[in-house]
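See structure below.
Quick caveat: nothing in here was measured; it's all calculated off a predicted structure.
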Amino acid sequence: MLQLWTNCIFLLACCRGLGLGSPNRCDEVRKVFQLRQIGPHQSLPLSPRPGSDLQVCTSRNLTCCTKKMEEKYQVAARRDVQGLLQTSSSGLKLLISRNVAAFQEIFEVLMRQAENHTNALLQDSYRSMADQAAGPVRELLTDIGLFLLGSELSVDDVVQRFFDALFPLVYSRLINPGLSDASPGHAECVRSSSRELRPFGAAPGFLADQISRSGVSGKLLIQALHLGIEVINTTDHLQLSRECRRALLKMHYCPHCQGLTQSKPCMGYCLNVMRGCLASMAEIDAHWREFVHSLEGLSARMQGPQDLEQVLLGVHTLLRDAIRHAQRNGPQLSAQVHKLCGPPSRKPALSVSIQRGGGSGGGRDSIPLRAPVRAPGDSLAVRRRDFLNSLRHYRTFYGGLADQLCVSELTSSDGLSCWNGTDLVKSYTLRVVGNGIKAQSTNPEVKVKEADPLINQIIDKLKHVNQLLQGKTIPKLGSLDQIETGSGDAEGHYSGDCDDEDGCGGSGGGELKRKASRGSKTSPDVTGDHKHHHYHHHHPPAHGSEAEGQSRGLRLTGAIWVLALPCLHVFLAV
């Protein structure tokens, strides 16, 4: 009997030393559960319990988790990863959105400068008609600006409408300066005869062609960048599959059920889980690389005749040439107008002082106009160059996204042990698969059935815009609606399956959004197969051997309680 008492005292001491049976055994789990705001803590167990009701975090040992906790952990794991996705893409999204705004602002500045140049030319060389021509000039450049920003306008119609409005002014002020203001009917007749008489020669067609070519390139640049933002918004809010959510739960929070709240997943294990979850996103990689390359090609073509800045700031020069052409052919035009519209009413000619510079237009029109002083960084070409230099760093973003998250966020590099999905180990020994849908057929951690439908849609849009950017498909001038871009950030448009208990109502950012300062890092071009990863230097538990001791303690739980049964009989007998 004395020997039995001695054994019981020894076993109780061992149990107390291991922390088993203590009401404080799950304190650390409760503490982390509350700190990460995973859910209410009132129903959390105070001590380890059997986990027969668990579906994912199953274990032969006692556990600090309940079924409700497991459900909350699954929502938290998905929220954390979606927060990491949004943080990782934030730098790319900010780069594109800022430059969309910058390009649009440059377009507006160019419109104002072109209007100022043109009005300055008219005031300096054709003052008698300058004030009345200011309205058509403003309308012309406003319509061009609307075209660049997405309006479905015909550039040919816009330009021809401008020259139609200009002809009566040139006819009555420059070709026949002694004519009084014509009656509304006669002025309308002169205006309507412009397309038949072609008083400005080839200038209207040349200007329309230049604006169309350079404008379509500028318009396509803006719409392509809007599609880039849509791609990012779609992947930021993509609904993860059921298999992925379970795998994330197992990787992130199942260790907590065993008291290993500070453990990190093994590198190979993390790669398998994340490459499985992001397999559809990896399919974007080739098309995104082509997208960046195609934008570079478009930028290279936006020079010379397609240099929008050069075209817009040269409108006043082309207008001057058009007016000169009409003046040179003044007698013939007068005869043709007289034949079509009849003679206009006359008033005495205006005094020379009022007509200064308005007779032939040749007195001061040779004086070059000064362009407004602009900072070097305001140039459209400079802005495109700087933007593309930055965008190149993100060309492998979707191909290396899973690897980037594992390397930079999810695993650790300063420990000796890591979590492999069931226990703490020295290294992960299963095969590590590659990126993309096809590579997931042998993934031991996540079953991937097929590509996500939303990803397929966004890939189709990328294919189409890449064709446009490369000039393989020539859109109707003034219409690029085939791209059908949108904001893409409506969080209700989720794909994949979703359980009610998973709380699919929102995407959230999770507490991991505090790592936003790391989100601007470019994605590493890590796309190898990693078939022989062990990474035993990358996966620590929080407290080294302490965590291993906890794990061993849990495995010994059943055996120790069996040994302690005789002690209970002794106590009852007493």
* Asked: Is there a side chain to side chain contact (heavy atoms under 4.5 Å, CB included) between Glu108 and Met111 once you walk through the steps?
  -> CA-CA 5 Å; Glu108 293 170 1; Met111 295 303 115; 5.5 Å; no
Distance only, no hydrogens: is a donor on one side chain within 3.5 Å (strictly under) of an acceptor on the other, for [X] and [Y]?
X      : Y      : result
Gln160 : Asp164 : yes
Gln239 : Asp452 : no
Ser334 : Asn176 : yes
Glu230 : Asn233 : no

Given 3.5 Å as the limit, does a donor-acceptor pair link the side chain of [X] with the main chain of [Y], or not?
X      : Y      : value
His117 : Val315 : no
Arg289 : Ala286 : no
His325 : Pro199 : yes

* Structure fact -> Between Ala114 and Leu141, the two heavy atoms sitting closest are C-CD1, 3.6 Å
* State, to 0.1 Å, how close Leu240 and Arg245 come at their nearest heavy-atom pair, and which atoms those are. => O-NH1, 2.8 Å
* If you measure from CG on Leu92 to CH2 on Trp288, what distance do you get to the nearest 0.5 Å? -> 5.0 Å
* **Interatomic distance, Leu401 atom CG to Asn435 atom CG [nearest 0.5 angstrom]** => 9.0 Å
* Using a 4.5 Å cut-off on heavy atoms from C-beta on, say whether the side chain of Leu405 contacts that of Leu85. => yes
* To do: Could you walk me through whether Ser294 and Glu290 pass side chain to side chain donor-acceptor pair (under 3.5 Å), step by step?
  => CA-CA 6 Å; Ser294 300; Glu290 186 180 0; 4.7 Å; no
* Sidechain N-carboxylate O distance under 4.0 Å for Glu188, Arg191 -> yes
